[in-house]
Amino acid sequence: TLSAQAAKQAIKGTDIPMVFTAVTDPVFSQLVPDLNVTDNNITGVVDAAPIKENLELFKELKGDIKTVGIIYNIGESNSEVQVKQTEGIAEGLDLKIETVGITSINDIPQAINTISAKAEGLYIITDNMVASSISLVAELARENKLLTVSADGSHVAEGIMVSKGISYYEIGKQSAVIAKQVLVDKKDIAEIPVQASDNLEKIVNVKTAAALGFTKDNKAFQGAEFIE
């Protein structure tokens, strides 16, 4: 999001088209005035996660779960959007959200400790700072017996237990198609609204699941791809 905002400033006053990728809320981030309006010569693909489905995974994993934690970079607008959205959706699922804001990766160990004292699960939103240290986050969460669910499928290979979410590979492909339409096919960018990816994937880390007492036949893992 930060790079997309910088790119918008760079093309200001020019006719250079811009295609962003993996921005959670381009309206909140002031990239476009509306998802269906591209009058700023800007369009792209959002990476909004299926928050409700992810929170429901916690309920499937532990029926009596009451509190889920989130750690996030307080300087990233994408993360602020997701935290607010998650808090709103959680209310309808009888879940409480505990948040801990961080400003650097050095804050992560203490943040996990704080969350583990108040919550039974940790929800990993699409936060760049957290993602850059996801192996550490997964390890600390596992040590503290926290159930971990991520909005990003690539986190599972790093030790997060389960994800039902977006594929950044697919988002990248979708963004490339838009770029081709603009640069090669010479399609007017104003005719290309902001898009979202419909391709969701559920992935389970078998070792992390086993460490937390879960087996492959758990109902929460139905239809998932399993990785070691």
Side-chain angles (χ1 to χ4, degrees), residues 24 47-166 202-215 218-221 224:
T24 301
D47 66 349
I51 297 172
K52 185 172 185 290
E53 288 86 344
N54 281 318
L55 293 181
E56 286 173 340
L57 277 175
F58 284 109
K59 303 284 282 188
E60 292 178 29
L61 290 164
K62 190 175 189 296
D64 60 351
I65 191 170
K66 295 296 182 184
T67 307
V68 172
I70 296 175
I71 61 174
Y72 71 102
N73 175 11
I74 61 175
E76 190 169 340
S77 61
N78 265 1
S79 300
E80 293 179 6
V81 170
Q82 291 174 83
V83 167
K84 291 178 181 178
Q85 290 175 337
T86 304
E87 289 173 335
I89 294 170
E91 287 184 10
L93 296 173
D94 195 27
L95 284 173
K96 180 182 178 182
I97 300 297
E98 284 285 346
T99 63
V100 177
I102 61 174
T103 58
S104 79
I105 59 175
N106 295 326
D107 297 335
I108 289 176
Q110 183 57 51
I112 297 290
N113 286 338
T114 300
I115 290 295
S116 65
K118 301 178 179 180
E120 302 135 287
L122 179 66
Y123 180 41
I124 312 298
I125 61 174
T126 54
D127 179 286
N128 290 323
M129 185 176 291
V130 174
S132 70
S133 299
I134 195 62
S135 295
L136 173 63
V137 172
E139 180 182 352
L140 293 173
R142 188 167 56 247
E143 290 175 357
N144 284 279
K145 303 299 182 183
L146 287 169
L147 308 180
T148 47
V149 175
S150 177
D152 181 351
S154 67
H155 292 169
V156 179
E158 302 295 332
I160 296 301
M161 183 166 70
V162 59
S163 169
K164 182 176 182 181
I166 49 182
K202 183 188 288 187
I203 308 174
V204 174
N205 185 303
V206 176
K207 290 183 178 179
T208 301
L212 294 172
F214 295 95
T215 57
N218 189 284
K219 67 176 183 178
F221 302 154

TODO: Indicate yes or no: at least one non-hydrogen side-chain atom of Tyr123 is less than 4.5 angstrom from one of Ile97.
DONE: no
Open item on the list: Minimum heavy-atom separation for Tyr72 and Val130, please, with both atom names.
Closed with: CA-CG2, 4.3 Å
- [ ] Kindly compute the distance separating CD1 (Ile124) from CD1 (Ile160), expressed to the nearest 0.5 Å.
- [x] 4.5 Å
Open item on the list: Return the OG to CG distance between Ser163 and Asn205, rounded to the nearest 0.5 Å.
Closed with: 11.5 Å
Task: Minimum side-chain heavy-atom gap Val137-Ile134 below 4.5 Å - done: yes
Task: Closest non-hydrogen atom pair between Gly121 and Ile115, with its separation - done: O-CG2, 4.3 Å
Open item on the list: For Lys84 and Glu80: C-alpha separation, side-chain torsions, deciding distance, then whether salt bridge (Lys or Arg N to Asp or Glu O under 4.0 Å) applies.
Closed with: CA-CA 6 Å; Lys84 291 178 181 178; Glu80 293 179 6; 5.3 Å; no
TODO: Identify the two heavy atoms, one from Asn54 and one from Ala151, that lie closest to each other, and give their separation to 0.1 Å.
DONE: ND2-CA, 3.8 Å
Task: Spacing of Ile112 atom CD1 and Leu122 atom CG [to the nearest 0.5 Å] - done: 5.0 Å
Open item on the list: Donor-acceptor check, side chain of Asp127 to backbone of Asn73, threshold 3.5 angstrom: yes or no?
Closed with: yes
TODO: Would you give the length of the straight line joining atom CG of Asp64 to atom NZ of Lys59, rounded to the nearest 0.5 angstrom?
DONE: 8.5 Å
- [ ] Please determine which of Val68, Thr67, Leu61 meets the side-chain contact (heavy atoms from CB on, under 4.5 Å) test together with Ile65.
- [x] Val68
Task: Sidechain-backbone polar pair: Asn218 side chain, Thr215 backbone, donor-acceptor under 3.5 Å - done: no
- [ ] Verify, without hydrogens or angle tests, whether Lys202 (side chain) and Ala220 (backbone) share a donor-acceptor contact under 3.5 angstrom.
- [x] yes
Task: Side chain Lys164, main chain Leu57, donor-acceptor under 3.5 Å - done: no
Open item on the list: Is there a side chain to side chain contact (heavy atoms under 4.5 Å, CB included) between Met161 and Val149? Walk through the geometry before answering.
Closed with: CA-CA 6 Å; Met161 183 166 70; Val149 175; 5.8 Å; no
- [ ] Considering non-hydrogen atoms only, spot the tightest contact between Thr126 and Glu76 and give its length.
- [x] O-OE2, 4.2 Å
Task: Greater than 12 external heavy atoms within 6.0 Å of Ile74's CD1 - done: yes
- [ ] Step by step, work out the side-chain hydrogen bond (donor to acceptor under 3.5 Å, both in side chains) result for Ser150 and Asp152.
- [x] CA-CA 5 Å; Ser150 177; Asp152 181 351; 5.7 Å; no
Task: Thr99 OG1 to Ile70 CD1 distance, which is reported to the nearest 0.5 Å - done: 7.0 Å
Open item on the list: I need the minimum non-hydrogen distance between Phe221 and Val204, along with the two atoms involved.
Closed with: CD2-CG2, 3.4 Å
- [ ] Work out which heavy atom in Thr148 is nearest to a heavy atom in Ala141; give both atom names and the distance.
- [x] CG2-CB, 3.5 Å
Open item on the list: With a 6.0 Å cut-off (strictly less than), is the heavy-atom count around CD of Glu91, excluding the residue itself, greater than 12?
Closed with: no
Task: Heavy-atom side-chain contact between Leu147 and Glu120 under 4.5 Å - done: no
TODO: Output the distance between atom CD (Glu98) and atom NZ (Lys118), rounded to the nearest 0.5 Å.
DONE: 5.0 Å
